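Take a look at the structure below.
Model, not experiment: these values are computed from the prediction.
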Amino acid sequence: MWTYLPFLRLWAHQGTQPHSIKIEGDITLGGLFPVHSRGPAGVPCGEIKKEKGIHRMEAMLYALDQINSDPYLLPNITLGARILDTCSRDTYALEQSLTFVQALIQKDTSDIRCSNGEPPIIRKPERVVGVIGASASSVSIMVANVLRLFEIPQISYASTAPELSDNNRYDFFSRVVPPDSYQAQTMVDIVKALGWNYVSTLASEGNYGESGVDAFIQISREAGGLCIAQSLKIPREPKPGEFDKIIKRLMETSNARGVIIFANEDDIKRVLEAAKKANLTGHFLFVGSDSWGAKNSPILDQEDVAEGAVTILPKRASIEGFDLYFTTRSLENNRRNIWFAEFWEDDFKCKLTRPGIKLDSDKKKCTGEERISRDSSYEQEGKVQFVIDAVYAMAHALHNMHMDLCPGHTGVCDKMDPVEGRLLLNYIHSVNFNGSAGTAVLFNENGDAPGRYDIFQYQMSNTTSPGYKVIGQWTNNLRLNMEEMQFSGGSRQAPDSVCSFPCNPGERKKMVKGVPCCWHCELCDGYQYQLDEFTCEICPFDMRPTENRTGCRPTPIIKLEWHSPWAIIPVFLAILGILATLSVVITFIRFNDTPIVRASGRELSYVLLTGIFLIYLITFLMIAEPGAVVCAFRRLLLGLGMCISYAAMLTKTNRIYRIFEQGKKSVTPPKFISPTSQLVITFVLISVQVVGVFIWFAVVPPHTIIDYEELRPPNPELARGILKCDMSDLSLISCLSYSIVLMVTCTVYAVKSRGVPETFNEAKPIGFTMYTTCIIWLAFVPIFFGTAQSTEKMYIQTTTLTVSMSLSASVSLGMLYMPKVYVIIFHPEQNVQKRKRSFKAVVQAATMSTRLSTKSNDKQNGETKIEPDRTQ
């Protein structure tokens, strides 16, 4: 049981931090692995790294064993190795890697002599033909700058920085893992698949983190539609409270809940701790790079914060042969691994006895009988496959080179001693074989492997045990199973990570200057509709926006309906008026030869009654649905009815005025007072209106229009197109203006004839009619024009016009004819012929009546005037 003591003596002799593993062979490969973590200030190396260090290094040893035992790959040639510990620090790795180039440095020993004067015998260091490693990108960059000077090819199993794809600067560098540019493209595709457009980035200071974030930002900028809220960097040596500040900074753009993280394990863990400390569990959703992958160490004790995190990892497989190999390693059979005893102590939480060193009492003693996986937890590290593939890639390149340079030769021939580095590099770039996982291993012109990734999500809810679950793959394009995803609290809905939420229908985006993913939503107001997501346009004049303002729809067309209250009242008045007018006409026709009918001037009475009838009739035309015929009759009859009525009344009042004015001067009757003359005068006055209307017909033929401007209030839902005749307010008043002139003139004559006794003809009833009519029309004008801006304009103006016309017609009918009809029907005894008087007698009686009226007025004023007796 103490057979491992020689191993311990070797370890004790080399100190606590042995430097390298040396394995003899015909051709030597170098190896760089982070066996230990970065040490504290002043100390190069820290604690041992079991998975990323020991597992990966043992994978190289396992691959060498497999190749050396393979009769078809490099037959009769043994591969050896010189494996170094980088201690996860680039500067330390650079110092260590100088071991690989010692054989290529020409040393001047001419001045060195032994004590006997003989030249010294200096052992020539083994020549390393190629290097497997390193792990961290920063380390690979540092080492690659040295190795290229000596033309030593290098194949990395874990370095993914896009910078290393630069074939001009790192021409001797190759890798079996895809660069972060593919990884960044994968992450951009994931972000877009989740519906995000506003994310923050977080990177560990160094080549890996910074170049990964730079690639992500560059690809997202080229793809478009994705904005970076903040891009933060984690310092190499974080100060206390640094991670709390980072979380606080991330919360400055709290809408950016998605965080893209390119960071090492320690930084990831501390970010999660700071988020939990700030009580932000479930707020952020992390999308992690392959440095997070499917590892448990970054999320240990922070599982609730990490829930829902999406991570990616180069497509890998667990190598069963390595599991069998590694779980059978022990202190007895693995003496070639100088760090294995340290791993053993850390893995089994025990302490090995060393010569001259006292065992701590609080640590249990290692027995050497412990077994990996049986007495400790074991899970193959994710990059083991790639370490094996990197070693095999170097072996295949050497095999092909041997086949070409040493055909039929057993062992290494002179052409491969030494191996020319640039030629080997060409063979490396030409390899194409199935790797340990069964996938093809090959390189492009930059030495990069093709991008193949598995996409994981850390899930806690609705699973038998929390852990990472494969939810998709990426091989040049993304295949993501959204149904398999779940987020904080078991939700299947991905949280939003957007600067601005989509605008509602009918709202346009007003972009925030300089941030293409941020905008304000502005409603397309008034008569605007949403033309596209950035533009509002006004609908055509005959249309209005739809309710959601995404388009335009025809504006409803309306007209005054018969069943509208605005139409019922005018129609009712018109019907009553027509019935009354027809009653008067029928009465006059029946009693056509009676004294009252004859005395009223039968001919002009029928003309006047015709005008009154037409005034009532126009109400129906004003309410009827507009059409060419209706519009023509509106033009014709609107002014014609009033024109006929007032022309007849003007002729009557003018006749009475002329008769009594002439009577004051002479006993000779004036001219043109006969019924025929009166009709001629009336029709001449009417013809002016008719001729004017027909000229209007010729200039502007009657037609209908749809007026969309009249009823276009601020609220487009209330907008209506009004079907109407082509008669503006001005043309309507112009149509009535001649009738108004006749009405005013008639009123003037009525005023002048006010002195005529009421026993003489119709002067005073006509006067009262005109006074009342003037009052009606004076009230009409402010109502008509005062409602020009009202939304009910069409209804108010039509009703006002028709009611005013019906009232004026009713006044004429009531004052001029209703008393006569009353006498004719109810007092026929008064409808008898009276003594006929001559014109002279009539004038004298009228004159005497006027004088008596004047005297009476003078007495009432307190004045008494003695008239001379003209009878003497």
Side-chain angles (χ1 to χ4, degrees), residues 27 29-32 56 59-60 63 67 73-74 79 128-137 139-141 143-145 147-148 151-186 207-208 211-212 215 290 313-317 382-405 419-453 474-476:
I27 298 175
L29 301 180
L32 291 171
R56 293 179 182 181
M60 180 174 179
I67 293 167
L73 184 61
L74 290 174
L79 287 180
V128 174
V129 300
V131 174
I132 306 301
S135 178
S137 295
V139 175
S140 287
I141 288 171
V143 172
N145 285 316
L147 297 181
R148 72 185 294 269
E151 296 188 342
I152 298 177
Q154 174 186 2
I155 302 178
S156 173
Y157 49 83
S159 298
T160 56
E163 183 181 349
L164 289 164
S165 296
D166 187 347
N167 202 29
N168 294 319
R169 294 177 58 192
Y170 306 104
D171 46 343
F172 278 82
F173 178 85
S174 304
R175 50 188 162 189
V176 290
V177 288
D180 285 338
S181 53
Y182 293 143
Q183 188 171 196
Q185 180 66 63
T186 304
N207 291 99
Y208 172 77
S211 59
D290 61 346
L313 200 60
K315 199 169 186 63
R316 63 176 186 173
K383 294 291 196 302
V384 164
Q385 168 201 337
F386 300 106
V387 175
I388 296 172
D389 288 344
V391 177
Y392 265 89
M394 193 73 75
H396 278 280
L398 289 168
H399 178 84
N400 295 336
M401 186 179 186
H402 183 267
M403 295 287 289
D404 292 343
L405 299 182
V419 174
E420 185 183 347
R422 187 166 294 277
L423 184 60
L424 177 59
L425 177 67
N426 294 334
Y427 279 100
I428 290 173
H429 284 180
S430 301
V431 299
N432 189 340
F433 64 95
N434 286 331
S436 56
T439 55
V441 177
L442 65 158
F443 304 95
N444 63 14
E445 65 278 5
N446 296 323
D448 295 330
R452 290 188 291 261
Y453 295 96
W474 191 93
T475 308
N476 297 325

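With hydrogens and angles disregarded, no donor-acceptor distance shorter than 3.5 Å links the side chain of Arg316 to the backbone of Lys383.
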Asn145 vs Tyr170, side chain to side chain contact (heavy atoms under 4.5 Å, CB included): CA-CA, chis, key distance, verdict: CA-CA 7 Å; Asn145 285 316; Tyr170 306 104; 3.7 Å; yes
Criterion side chain to side chain contact (heavy atoms under 4.5 Å, CB included) on Asp171 and Arg422, from CA distance to verdict: CA-CA 10 Å; Asp171 46 343; Arg422 187 166 294 277; 3.9 Å; yes
Test log, rule side chain to side chain contact (heavy atoms under 4.5 Å, CB included), inputs Phe172 and Val131: CA-CA 10 Å; Phe172 278 82; Val131 174; over 6 Å; no
Derivation and outcome, side chain to side chain contact (heavy atoms under 4.5 Å, CB included), residues Asp290 and Val177: CA-CA 10 Å; Asp290 61 346; Val177 288; 5.9 Å; no
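Note that CZ of Arg148 is 11.5 Å distant from CG of Leu425, once rounded to the nearest 0.5 Å. Here CZ of Arg452 is found 13.5 Å from CG of Leu313. Values are rounded to the nearest 0.5 Å. Taken to the nearest 0.5 Å, the NE2 atom of His402 stands 7.5 Å off from the CD1 atom of Ile27. Note: Ile67 CD1 to Leu79 CG = 5.5 Å, rounded to the nearest 0.5 Å. Here the straight-line distance linking atom CZ of Phe173 with atom CD1 of Ile141 works out to 8.0 Å at 0.5 Å rounding. Rounded to the nearest 0.5 Å, atoms CG (Leu424) and CE (Met401) are 5.5 Å apart.
Annotation for Ser174 and His429: closest pair OG-NE2, 3.2 Å, computed over non-hydrogen atoms. A pairwise comparison of heavy atoms in Leu398 and Leu29 identifies CD1-CD2, 4.3 Å as the closest pair. What you find for Gln185 and Trp474 is that their closest heavy atoms are CG-CZ2, 3.7 Å. Residues Val384 and Ala59 approach most closely at CG1-CB, 3.8 Å, considering heavy atoms. Residues Pro178 and Pro314 come closest through the heavy atom pair CD-CB, 4.0 Å. The shortest non-hydrogen separation linking Phe443 to Ile428 is CD1-O, 3.3 Å.
Counting heavy atoms from C-beta outward, Glu163 and Ser137 have side chains that stay 4.5 Å or more apart.
With 3.5 Å as the limit, one finds no donor-acceptor pair spanning the side chains of Asp448 and Tyr182.
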In residues 154-161, what donor-acceptor pairs under 3.5 Å come from side-chain atoms, sequence neighbours left out?
{"from": "Gln154", "atom 1": "NE2", "to": "Gly133", "atom 2": "O", "distance (Å)": "3.0"}
{"from": "Ser156", "atom 1": "OG", "to": "Ala134", "atom 2": "O", "distance (Å)": "2.7"}
{"from": "Ser156", "atom 1": "OG", "to": "Ala158", "atom 2": "N", "distance (Å)": "3.2"}
{"from": "Ser156", "atom 1": "OG", "to": "Ser159", "atom 2": "N", "distance (Å)": "2.9"}
{"from": "Ser156", "atom 1": "OG", "to": "Ser159", "atom 2": "OG", "distance (Å)": "3.1"}
{"from": "Tyr157", "atom 1": "OH", "to": "Leu32", "atom 2": "O", "distance (Å)": "2.7"}
{"from": "Ser159", "atom 1": "OG", "to": "Ala134", "atom 2": "O", "distance (Å)": "3.1"}
{"from": "Ser159", "atom 1": "OG", "to": "Ser135", "atom 2": "O", "distance (Å)": "2.9"}
{"from": "Ser159", "atom 1": "OG", "to": "Ala136", "atom 2": "O", "distance (Å)": "3.2"}
{"from": "Ser159", "atom 1": "OG", "to": "Ser140", "atom 2": "OG", "distance (Å)": "2.5"}
{"from": "Thr160", "atom 1": "OG1", "to": "Asp180", "atom 2": "OD1", "distance (Å)": "2.6"}
{"from": "Thr160", "atom 1": "OG1", "to": "Asp180", "atom 2": "OD2", "distance (Å)": "3.0"}

Check: residues 385-397 side-chain donor-acceptor pairs under 3.5 Å, at least two apart:
{"from": "Gln385", "atom 1": "OE1", "to": "Ala317", "atom 2": "N", "distance (Å)": "2.7"}
{"from": "Asp389", "atom 1": "OD1", "to": "Ser436", "atom 2": "N", "distance (Å)": "2.9"}
{"from": "Asp389", "atom 1": "OD1", "to": "Ser436", "atom 2": "OG", "distance (Å)": "3.1"}

